[in-house]
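Ligands are counted one by one from 1 in listed order, and the atoms in each one are counted from 1 as well.
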Amino acid sequence: MTCEKRPPAGAGTSAAPRKLFIKSYGCQMNVYDSHRMADTLAPAGYVGTADPADADLVVLNTCHIREKAAEKVYSELGRIRKLKEAAADAGRRMVVAVAGCVAQAEGEEILRRAGSVDLVVGPRSYHRLPEMLARVEGGAKVVDTEFPVEDKFDILAGPTREAMRARGVSAFVTVQEGCDKFCTFCVVPYTRGAEVSRPAAKIIAEVERLADAGVREVTLIGQNVNAYHGTGTGGRDWTLARLLRRIADIPGIARLRYTTSHPRDVSDDLVAAHRDLPALMPQLHLPVQSGSDRILAAMNRRHTRADYLAVIDCLRAARPDLALSSDFIVGFPGETEEDFRDTLGLVDAVGYAGAFSFRYSPRPGTPAAALPDQVPESVKEARLQVLQAAIERNRQAFNARCLGATFEVLFEKPGRHPGQLVGRSPYLQPVQILAPATRIGELDPVTITQVGANSLFGTLAEPGAQAHTPSPAAMAMGA
Ligand code: SAH
Ligand code: SF4
Ligand code: F3S
């Protein structure tokens, strides 16, 4: 992701414009943080560039979730080093910063392994960037991987109206950061720190500004978003459900989503929000990781397969057209063929509209990395193939059931062909449609006429057409 960011109109800075290239890896929270960093650096004269060779400041906002992610960063840093040398030959200084979860986990090790890096900053310290850059300009190498007590979002700048416009009709807003769950395979509690929730008033103000700039769909994000417990506007803590109800009232916001949730934190009031709030889209990413109770216990997920299915039953009772997606890990230490079959069975039992699946990757410092019975890579790979085929079969079955359905599509951007727009269905599927660009930002009923491999195709429904979604009973394919 590259931030195309201009300084706010009239932000009278005397500094000459400097070019900023930011690349984000990993999850949506990194994308959100990258935007905040660009917004915060804008008053100092930084403008976005899509070309790292051209940049005065390169920021890699990294992800540590699986092995290859960190390796990709080191090879990217190798390429950046050459650009930095070329800039130096041309008499120009290029500052290289590593942010994100690899920065937090590796700290000074990054300076040792990649000499071109000037600055290493962990995810909770981005508000200190301007001051850190000043120290780099003075010739220092700077590492900050503390978990400061102050909240970075109180200090980081919000986007200008122009920047919000450039980012489109659908926006992400971080409401919660960090994780206290400590699944035994996962680095996030170490890289993002303990769970913290932003105060509701700050979130509401941010969403109001987004709505004002034309945003129609907001996705509230957090590593454990449904553990949200921020201070409410009356001084008492609010749950995620309470926050969703309040945001649903903001004029202009037509669609709400939240991600990523943990099955243990699906509270009764959240289920009720799914029942009561038409703006809350009938699509939920609810990672389960495994369908085997033995493996779920070893993962420290603190829920069983039956608990997970019971949560889904409650959600579907409240919102019958709810589509689900999930994350799965195959080859967790000690996973047998039987455990794996339990996972496959769960995929069909839920009838997911989509899912991500990963080979277990031992992460340094996590308890599972030290477990005996690590599964050979060849076995992980074979299981991944089988699992992905099952997920794909379910995804296609779900998409096929959308044929003939009429639902509201949010038109997001021009399509590949002239006269075509791309929008999103309530279930997050891309929908291609012939419609004028003036409809971008609108929600209109669309009838699905064709189902492609990765997107749906539709036509604008007759005026006044009623939404008619795939039949509820058909949602749980294998049920
Ligand atoms: N907070 C989210 C997930 C964050 S990480 C949650 O609790 O669900 C996103 C996904 O990466 C996880 O759901 C998991 O499927 C995967 N993942 C995390 N650590 C992993 C590891 N060590 N190996 C393989 N996949 C992993
Ligand atoms: Fe990682 Fe588990 Fe926390 Fe999700 S809930 S971020 S998988 S430790
Ligand atoms: Fe990756 Fe950190 Fe997000 S490890 S998935 S960038 S929380």
request  = Tell me which one of Glu177, Arg363, Gln223 gets a heavy atom nearest to atom 7 (S) of ligand 3.
outcome  =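 That would be Gln223.
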query = Salt bridge between Asp293 and Arg305, side-chain N to carboxylate O under 4.0 Å?
reply = no
inquiry  = Salt bridge check, Lys380 against Glu377: does any charged N sit closer than 4.0 Å to a carboxylate O?
reply    = yes
Number the atoms of ligand 3 from 1 as they appear, then name those within less than 4.0 Å of a heavy atom of [X], with their elements.
X      : value
Asn30  : 6 (S)
Cys63  : 1 (Fe), 4 (S), 5 (S), 6 (S)
Cys101 : 2 (Fe), 4 (S), 6 (S), 7 (S)

Could you tell me whether [X] sits above the aromatic face of [Y], with NZ or CZ closer than 6.0 angstrom to the six-membered ring centre and within 45 degrees of the axis?
X      : Y      : result
Arg113 : Tyr74  : yes
Arg66  : Phe358 : yes
Arg192 : Tyr190 : no

What protein heavy atom is closest to [atom], reported as residue, atom name and distance in Å?
atom                    : result
atom 3 (Fe) of ligand 2 : Cys179 SG, 2.2 Å
atom 5 (S) of ligand 1  : Ile65 CD1, 3.4 Å
atom 8 (S) of ligand 2  : Cys183 N, 3.3 Å
atom 1 (Fe) of ligand 2 : Cys186 SG, 2.3 Å
atom 23 (N) of ligand 1 : Ser361 N, 3.0 Å

Relative to ligand 2, is [X] under 4.0 angstrom through side chain, backbone, both or neither, heavy atoms considered?
X      : answer
Asn224 : side chain
Phe182 : backbone
Pro189 : side chain

Contact region, Phe358 to ligand 1, non-hydrogen atoms below 4.0 Å, reads side chain
Exercise. Taking atom NZ of Lys82 as the centre, does the number of heavy atoms from other residues, nucleotides or ligands within less than 6.0 Å exceed 12?
Worked result: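 No, NZ of Lys82 has 12 or fewer neighbouring heavy atoms, counting only those of other groups under 6.0 Å.
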* Asked: Are there more than 12 heavy atoms of other residues, nucleotides or ligands under 6.0 Å from atom CZ of Phe182?
  -> yes
| Any N/O of Gln223 closer than 3.5 Å to an N/O of ligand 1? |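 There is such a contact, yes.
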TODO: Indicate if the distance from atom 2 (Fe) of ligand 3 to the nearest N, O or S atom of Cys27 falls below 2.8 Å.
DONE: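 Checking Cys27: none of its N, O or S atoms is under 2.8 Å.
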In this structure, does ligand 3 have an atom that sits under 4.0 Å from one of the heavy atoms of Met29?
no
